[in-house]
Amino acid sequence: MIGAFQKVSASFSTTPSFGRGFFLGCRGRVSAPARRPAPVLPVSRVGDDPLDRARGLCARGRAIEAEAELLARFPQLPLPPPARFGLALAHCNLSLERLDAAEACLERVRRDHGDDPDLLALLVAVHRRRGEGPALPLLAPRLQPFLDQPATALLWLTLLQEALDTEATLAWADHLGRRWPGEPAVRQALHDLAWDLQDAGRLRAWSPPPHDGFSQARLAWLEGREPEALAGLQACLQATADPSAGWPILRDLAERLPAAERGALVERHRSLWDHDPEATWTVGRLLLAAEQWQQGWSLYEARRFGAFRAQIIPPGFPCFGFETPLRGRRVLLYGEQGVGDIILFASMLPDLLAEAAAVTVLVPPRLVPLLAASFPAAQVCNRLDDSALARVDAAGSIGSLGQHHRPCRERFAPASPYLHVPDAEQRRWQDRLAALPPGLRVGLAWQGGGSLGSRRRRSLTLDQLEPVLRQPGVCWVNLQHRHDPAERAAFEARTGVALATFEGVGDDLLATAALTQALDLVICVQQTALHLAGALGTPAWVLLPRVAEWRYGIAGTSMPWYASVALFRQPANGCWEPVIAEVASRLRQRIGHHNGGRTIEAPRSDAHRP
């Protein structure tokens, strides 16, 4: 998503000059970004390997120190410098957000020494930081010669997951299991993949022996034996002495505990997570789900320092000034994560506009028309130049407004819808819906986004939803962005239930918002359709997995962010049938109320396709 942002004049560039001065030139000419405070810990030298030394220092927030050590050693090195020296300097540049310099270092090492697995792993990290989409299509030819090495083979597995290729991911995982059956790192990666995909069969086959109790607890959860799973996780957490092994256990346990128990548990085991930005961000989300708002928002800020921070702060853009109140200041906000996240966090824009001197919101292009129409007092754009950056007093991601404007449940006071569609667009979609067959106008979105595992946990098929879709007296409208036409066609042919489908839904968000606003109801899973409906005030019913995203809370049928949204939760992991039955029952009641109690015959094969 961040790749959609544009900065007209870059604040940093490098000029390749391939003499001794080249690596000195790779220091960059920008100041180091603000970093999350990290404890200053002693770092032992790992032999004389400069890359291992740089990794250790950078992991502790000491990248400038690591760079200084490397440059002090540089005059004594032969030409060309050793590959590990160039890779170490690239790692420092990456840690300091000097992405052009990091990439230039890597290219110089490649020219002098050829590719190697560590170089390619760093190049993948630079690509991720730029936020330019899956790296596999770009780097596959260079990675393939090293796929006989476990580290590169595991990197390939990760890149397949990031490319959202389920079939290729599982095929490669099966290959790894056969090729390196006794390699601990491979077995652990396969175990984690099976857990992420909620695949009990593969979890049983791939469980690594060192964490057998942990594996059994996870397996019990997937098979619906929740008390056994929680007891097993608690036992594993008490028994582990290794922080790297303890954090996944703590995470799995905490996200399955009631709200009242989460805070005390994660605080008691703070040493397992507070040194790691990714883990700290996860704890922040766990506490926000438990409505422990102040501490949760504070820890949520760690997202700016993790491996995928390109989804939070666009590369090359500043982040400053959010530590103090924003009243009377000129504020620049960056859209972050996905479209749904931006829409949800935009609920705090009215609060900010009421106090700030000026507000600029930088978002992907397809969000600009909708947010500009909804917040005319803000400047909404997807391009900025350096002169505009120089005029702001504070710059940060839109989710960082939470610490200022949602510090407690009382600050979620019910408000009127905050997204608005121009009158002409509203009338256009009202007219288009009026041309459809009679019945309750219900929008449907059945697949969620995110990682492979996230998609599997939150998504449904049309066949699974058949008890809902068979209800008579409904005119179904397809809200699924980039759905599979073959799935829809097969379902319509088999059942005779039609989904009215309009071109551009999801791509044109202003049109999608107008369509959503004209509907009587939206039924969906965790995805953007829910956020649009909630922000517009359209009634929405959301089907949730057993462990939902933090914004939906832990229990209950409502969420603080949207007054028009009702939640339907799985009673046990992977158990959709009761949820679908409840939604079908509620829909029958809604149809009866809509039609004054009259019975409506179910539609058959005359599918309407506008």
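Side chains are part of it too, since the values below use all heavy atoms of this structure and drop only hydrogens, waters and symmetry mates.
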S.K.: Do the side chains of R494 and E466 get close enough for a salt bridge, i.e. N-O under 4.0 angstrom?
M.R.: yes

S.K.: Is the NZ or CZ atom of R285 positioned over W281's six-membered ring, under 6.0 angstrom from the centre and within 45° of the axis?
M.R.: yes

S.K.: Decide yes or no for L367 and I343: does some side-chain heavy atom of the first lie under 4.5 Å from some side-chain heavy atom of the second?
M.R.: yes

S.K.: Out of the candidates N478, L510, T538, V477, only one should pair with L515 under the side-chain contact (heavy atoms from CB on, under 4.5 Å) rule; please name it.
M.R.: V477

S.K.: Drop me the distance from L288's CG to Q294's CD, to the nearest 0.5 angstrom.
M.R.: 11.5 Å

S.K.: Is the shortest side-chain N to carboxylate O distance from E549 to R458 below 4.0 Å?
M.R.: yes

S.K.: For residues H191 and W206, report the shortest heavy-atom separation together with the two atoms involved.
M.R.: CB-O, 3.6 Å

S.K.: Is it the case that R586 places NZ or CZ above or below the six-membered ring of W541, under 6.0 angstrom from the centre and within 45 degrees of the axis?
M.R.: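 Positive - R586 is close enough to the ring of W541 and near enough to its axis.
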
S.K.: Would you tell me whether Q216 and E228 have side-chain atoms, one donor and one acceptor, within less than 3.5 Å of each other?
M.R.: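 No pair is found: no donor N or O on one side chain lies under 3.5 Å from an acceptor on the other.
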
S.K.: Where the side chain of T512 meets the backbone of G506, is there a donor-acceptor pair that is under 3.5 Å apart?
M.R.: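 Checking the backbone N and O of G506 against the side chain of T512, a donor-acceptor pair under 3.5 Å is found.
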
S.K.: The test is side chain to side chain contact (heavy atoms under 4.5 Å, CB included); show your working for D351 and L401 and say whether it passes.
M.R.: CA-CA 9 Å; D351 303 77; L401 293 176; over 6 Å; no

S.K.: F491 and W446: aromatic ring centres closer than 6.0 Å?
M.R.: no

S.K.: Strictly below 4.0 Å, N to O, side chains only: are E278 and R251 in salt-bridge contact?
M.R.: no

S.K.: Indicate yes or no: at least one non-hydrogen side-chain atom of T166 is less than 4.5 angstrom from one of R456.
M.R.: yes

S.K.: Roughly how far apart are R569 CZ and L544 CG, rounded to 0.5 Å?
M.R.: 5.5 Å

S.K.: What I want to find out is whether R218 reaches D192 closely enough, with some N-O distance under 4.0 Å, to be called a salt bridge.
M.R.: yes

S.K.: Nearest 0.5 Å, what's the CG-CG distance between L543 and L567?
M.R.: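 Separation between the atoms: 10.0 Å.
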
S.K.: Apply the test side chain to side chain contact (heavy atoms under 4.5 Å, CB included) to residues V331 and L352: give CA-CA distance (whole Å), side-chain angles for both, the deciding distance (0.1 Å), then the verdict.
M.R.: CA-CA 9 Å; V331 180; L352 179 64; 4.2 Å; yes

S.K.: Using a strict cut-off of less than 4.0 Å between a Lys/Arg side-chain nitrogen and an Asp/Glu carboxylate oxygen, indicate whether R256 and E226 qualify as a salt bridge.
M.R.: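 Salt bridge between R256 and E226, a charged N being under 4.0 Å from a carboxylate O: no.
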
S.K.: Quick one, Q527 and Q480 - any side-chain contact, counting heavy atoms below 4.5 Å?
M.R.: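 When only atoms from C-beta onward are counted, Q480 and Q527 do touch, with a gap below 4.5 Å.
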
S.K.: Indicate the atoms forming the closest heavy-atom contact of R455 with G450, along with that distance.
M.R.: NE-O, 2.9 Å

S.K.: Look at the rings of F345 and Y300 and say which category their plane angle falls in: under 30° parallel, 30 to 60° tilted, over 60° perpendicular.
M.R.: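 Rings of F345 and Y300: perpendicular, as their planes differ by over 60°.
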
S.K.: For the residue pair W429 and A514, what are the closest heavy atoms and their distance?
M.R.: CD1-CB, 3.4 Å

S.K.: Please check if the distance between the ring centroids of H531 and Y562 is under 6.0 Å.
M.R.: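 That pair passes the under 6.0 Å test.
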
S.K.: Could you report the tightest heavy-atom contact between I591 and P472, atom names first, then the distance?
M.R.: CD1-O, 3.1 Å

S.K.: Answer whether the closest heavy-atom distance between the side chains of L462 and T495 falls below 4.5 Å.
M.R.: no

S.K.: Please say whether more than 12 non-hydrogen atoms of neighbouring residues, nucleotides or ligands are located less than 6.0 Å from CZ in R482.
M.R.: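 Count not over threshold, so no.
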
S.K.: At their closest point, which heavy atom of L164 faces which heavy atom of S451, and how far apart are they?
M.R.: CD2-C, 4.0 Å

S.K.: Taking the six-membered ring where the residue is Trp, are the ring centres of W561 and Y552 under 6.0 Å apart?
M.R.: no

S.K.: So, are D196 and R457 salt-bridged, with charged N and O less than 4.0 Å apart?
M.R.: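 A salt bridge is present here (some side-chain N lies under 4.0 Å from a carboxylate O).
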
S.K.: Decide side chain to side chain contact (heavy atoms under 4.5 Å, CB included) for S347 and H405; before the verdict, give the C-alpha distance in whole Å, the side-chain angles of both, and the deciding distance to 0.1 Å.
M.R.: CA-CA 10 Å; S347 64; H405 298 297; over 6 Å; no

S.K.: If you round to the nearest 0.5 Å, how far is OG of S459 from CD of Q447?
M.R.: 5.5 Å

S.K.: When rounded to the nearest 0.5 angstrom, what distance separates CD in E162 from CG in L157?
M.R.: 10.0 Å

S.K.: Do L136 and W156 make a side-chain contact, defined as non-hydrogen atoms from C-beta onward lying under 4.5 Å apart?
M.R.: yes

S.K.: Contact between Q295 and L299 at the side-chain level, heavy atoms closer than 4.5 Å - yes or no?
M.R.: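 The answer is yes; the side chains approach within 4.5 Å.
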
S.K.: Whether the side chain of R262 engages the backbone of A290 through a donor-acceptor N/O pair (distance < 3.5 Å, no angle test) should be reported.
M.R.: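 No, R262 side chain to A290 backbone: no donor-acceptor pair under 3.5 Å.
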
S.K.: Using the side chain to side chain contact (heavy atoms under 4.5 Å, CB included) rule, take L479 and L532 through it: C-alpha gap first, then chi angles, then the decisive distance, then the call.
M.R.: CA-CA 11 Å; L479 295 180; L532 278 175; over 6 Å; no

S.K.: Does the distance from a Lys or Arg side-chain N to an Asp or Glu carboxylate O, for D508 and R366, drop under 4.0 Å?
M.R.: no

S.K.: Does V525 reach the side chain of L530, with side-chain heavy atoms less than 4.5 Å apart?
M.R.: no

S.K.: Look up atom SG in C475 and atom CG in L440, then write down how far apart they are to the nearest 0.5 Å.
M.R.: 9.5 Å

S.K.: Would you mind reporting whether P560 and R551 have side-chain heavy atoms less than 4.5 Å apart?
M.R.: no

S.K.: Does either side chain, that of S400 or that of E301, offer a donor lying less than 3.5 Å from an acceptor on the other one?
M.R.: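 E301 and S400 do have a side-chain donor-acceptor pair below 3.5 Å.
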
S.K.: Minimum heavy-atom separation for A217 and G232, please, with both atom names.
M.R.: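 Closest approach of A217 to G232: CB-C, 3.9 Å.
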
